Amino acid sequence: MSCTFQRDSEQIQLAIHERLMRKLNNEQAMHDDADPIVYCDGEYHWRHFGYGPAVQQSRWLYESIIEKCPDRAKLEQEDFIGRHGDMERTFGNFIVSDENRDAYSKVKGWRKTVYKTLVMYGGTGRGKTHLAKAVQVEFLKDYLNTSFITAAALYEVFIKAQPAAREYDLDAMQQLADIREADLFVLDDLGSERSTSSGFFLEKLKQLLDEKRADGRMIVTTNLPPSELDAKYEGKLVSRLLENSISVALRGKDHRRAA
């Protein structure tokens with residue numbers, strides 16, 4: 001804890017001790033006894049008043065909480081982000097180039113827009129997942145619920161969450177519940193899921209999109225441009241996906257190969 005108002009600092013301890021001794025000895029108040037002393041107990045910042053003209057009703061001592069210590073709040077925030085996301089991919093460490101500068105700005109500012117869905121598309125290694133996780137971190141900083149899953153993993157969750165399925169399990173049911181309740185739902189790498197002639201995945205995804213359109217915000221990343229999305233998925237699904245959305249193309253070098 002590096003807070004400058006640490007309770008165990010010699011200066012703060014001495015000031016409080018001197019006030020306490022004057023109180024116990026019934027000595028006359030000093031002029032600065034009415035000035036507040038601010039200190040930190042490791043979790044909160046406190047304001048400590050002595051006695052004097054600024055203290056009403058002749059109260060000798062009074063303490064009140066001002067705020068949670070910023071250092072402590074930051075540690076708690078980082079812990080929350082670490083449990084529900086990660087700090088490895090943020091806006092701060094995204095490689096911005098001339099090719100992706102405009103896309104970067106649009107993605108960073110998306111949360112303040114009226115668009116409920118953000119669709120990012122582009123070739124492999126252009127930074128779509130990085131930027132999606134960067135937005136997730138911004139939501140987590142405000143202690144909002146988020147859910148991040150790849151399309152391939154979502155397909156498996158849909159399978160396991162079916163009551164008649166052999167692999168049916170409660171974890172899959174809980175994962176779907178978390179997605180439905182999330183303030184931000186990130187569907188990563190749409191188009192990577194295995195195809196199914198029964199249309200099972202498409203039907204379940206349409207149901208999920210209908211639920212998310214009514215509540216929460218969503219990010220979708222895909223290697224497929226809008227024209228190829230139309231070709232791969234039926235019109236109703238793409239219509240749901242693009243309703244009240246903004247599409248951003250990620251261009252530039254393949255960062256994975258560059259690494």
Side-chain angles (χ1 to χ4, degrees), residues 84-85 103 106-107 109-122 126 128-140 142 144-165 167-250:
H84 300 282
K106 288 179 179 178
V107 173
W110 166 71
R111 189 180 175 189
K112 296 180 181 179
T113 71
V114 297
Y115 299 106
K116 295 193 68 174
T117 303
L118 168 65
V119 179
M120 286 186 280
Y121 65 93
R126 266 61 179 184
K128 301 182 298 295
T129 299
H130 187 135
L131 287 177
K133 284 185 172 289
V135 176
Q136 182 187 21
V137 167
E138 296 303 308
F139 274 73
L140 290 173
D142 292 330
L144 296 173
N145 294 322
T146 69
S147 179
F148 188 105
I149 191 170
T150 64
L154 181 62
Y155 180 93
E156 298 301 325
V157 170
F158 283 150
I159 293 291
K160 293 179 181 179
Q162 297 307 299
E167 298 180 54
Y168 168 73
D169 62 57
L170 294 177
D171 288 341
M173 292 290 290
Q174 183 60 56
Q175 199 164 0
L176 282 179
D178 291 342
I179 290 172
R180 294 186 179 101
E181 297 172 3
D183 297 290
L184 173 69
F185 168 48
V186 181
L187 179 59
D188 191 41
D189 206 10
L190 180 65
S192 66
E193 70 284 350
R194 67 169 116 154
S195 61
T196 170
S197 57
S198 67
F200 169 79
F201 177 76
L202 299 182
E203 187 60 34
K204 288 298 179 182
L205 184 56
K206 279 192 294 184
Q207 293 176 9
L208 184 60
L209 291 178
D210 283 339
E211 294 170 356
K212 295 309 297 179
R213 282 192 303 172
D215 186 27
R217 305 187 78 174
M218 182 169 65
I219 296 176
V220 177
T221 74
T222 178
N223 291 347
L224 306 175
S227 60
E228 292 186 32
L229 281 175
D230 280 328
K232 183 176 179 64
Y233 301 103
E234 63 179 60
K236 290 182 179 180
L237 187 145
V238 177
S239 176
R240 285 169 170 80
L241 186 65
L242 298 181
E243 182 181 7
N244 195 20
S245 72
I246 180 173
S247 296
V248 177
L250 268 294

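Quick caveat, the model's predicted, so the values are computed rather than measured.
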Are the side chains of [Y] and [X] in contact, using a 4.5 Å heavy-atom criterion?
X: Leu154; Y: Gln175; answer: no
X: Leu190; Y: Tyr233; answer: yes
X: Leu208; Y: Phe185; answer: yes
X: Asn223; Y: Asp189; answer: yes
X: Leu144; Y: Leu184; answer: no
X: Arg217; Y: Trp110; answer: yes

Ignoring hydrogens and angles, state whether a donor on the side chain of Gln174 or Asp178 is under 3.5 Å from an acceptor on the partner side chain.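 Short answer, yes.
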For Asp188 and Thr129, which I'm curious about, is there any donor-acceptor pair between the side chains at under 3.5 Å?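 There is such a pair (donor and acceptor under 3.5 Å, judged by atom type) between the side chains of Asp188 and Thr129.
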How close do [X] and [Y] get, heavy atom to heavy atom, and via which atoms?
X: Gly191; Y: Ala151; value: N-CB, 4.4 Å
X: Ser245; Y: Tyr115; value: O-CD2, 3.5 Å
X: Tyr121; Y: Pro225; value: CD1-CA, 3.7 Å
X: Ala103; Y: Ala249; value: CB-O, 3.5 Å
X: Leu237; Y: Leu202; value: CD1-O, 3.7 Å
X: His84; Y: Thr146; value: O-OG1, 4.2 Å

Audit row: Met218, Leu209, side-chain contact (heavy atoms from CB on, under 4.5 Å) steps and yes/no: CA-CA 9 Å; Met218 182 169 65; Leu209 291 178; 3.2 Å; yes
Using the ring-ring contact (aromatic ring centres under 6.0 Å, His included) criterion, which residues pair with Phe158? Sequence neighbours excluded.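 Partners of Phe158 under the ring-ring contact (aromatic ring centres under 6.0 Å, His included) test: Phe201.
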Roughly how far, to the nearest 0.5 Å, is the OG1 atom of Thr150 from the CG atom of Leu187?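 Rounded to the nearest 0.5 Å, the CG-OG1 separation comes to 8.0 Å.
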Using 0.5 Å steps for rounding, measure from the CG atom of Leu229 to the CG atom of Leu241.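 Answer rounded to 0.5 Å: 6.5 Å.
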Can you check whether Leu250's main-chain N or O pairs, donor with acceptor, with Lys128's side chain at less than 3.5 Å?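 Between the backbone of Leu250 and the side chain of Lys128 there is no qualifying donor-acceptor contact (under 3.5 Å).
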Given 3.5 Å as the limit, does a donor-acceptor pair link the side chain of Asn145 with the main chain of Asp183, or not?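 No, because the side chain of Asn145 does not come within donor-acceptor range (under 3.5 Å) of the backbone of Asp183.
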Presence of salt bridge, Arg240 and Glu243, under 4.0 angstrom: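 No, Glu243 and Arg240 are not salt-bridged.
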Salt bridge (Lys or Arg N to Asp or Glu O under 4.0 Å), paired with Glu211, selected from Lys206, Lys204, Arg180: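 Of the listed options, the one satisfying the test is Arg180.
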Taking only residues two or more places apart in sequence or in another chain, which ones pass side chain to side chain contact (heavy atoms under 4.5 Å, CB included) with Ala132?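 Once residues adjacent in sequence are excluded, the partners of Ala132 under the side chain to side chain contact (heavy atoms under 4.5 Å, CB included) criterion are Met120, Phe148, Val186, Ile219, Thr221.
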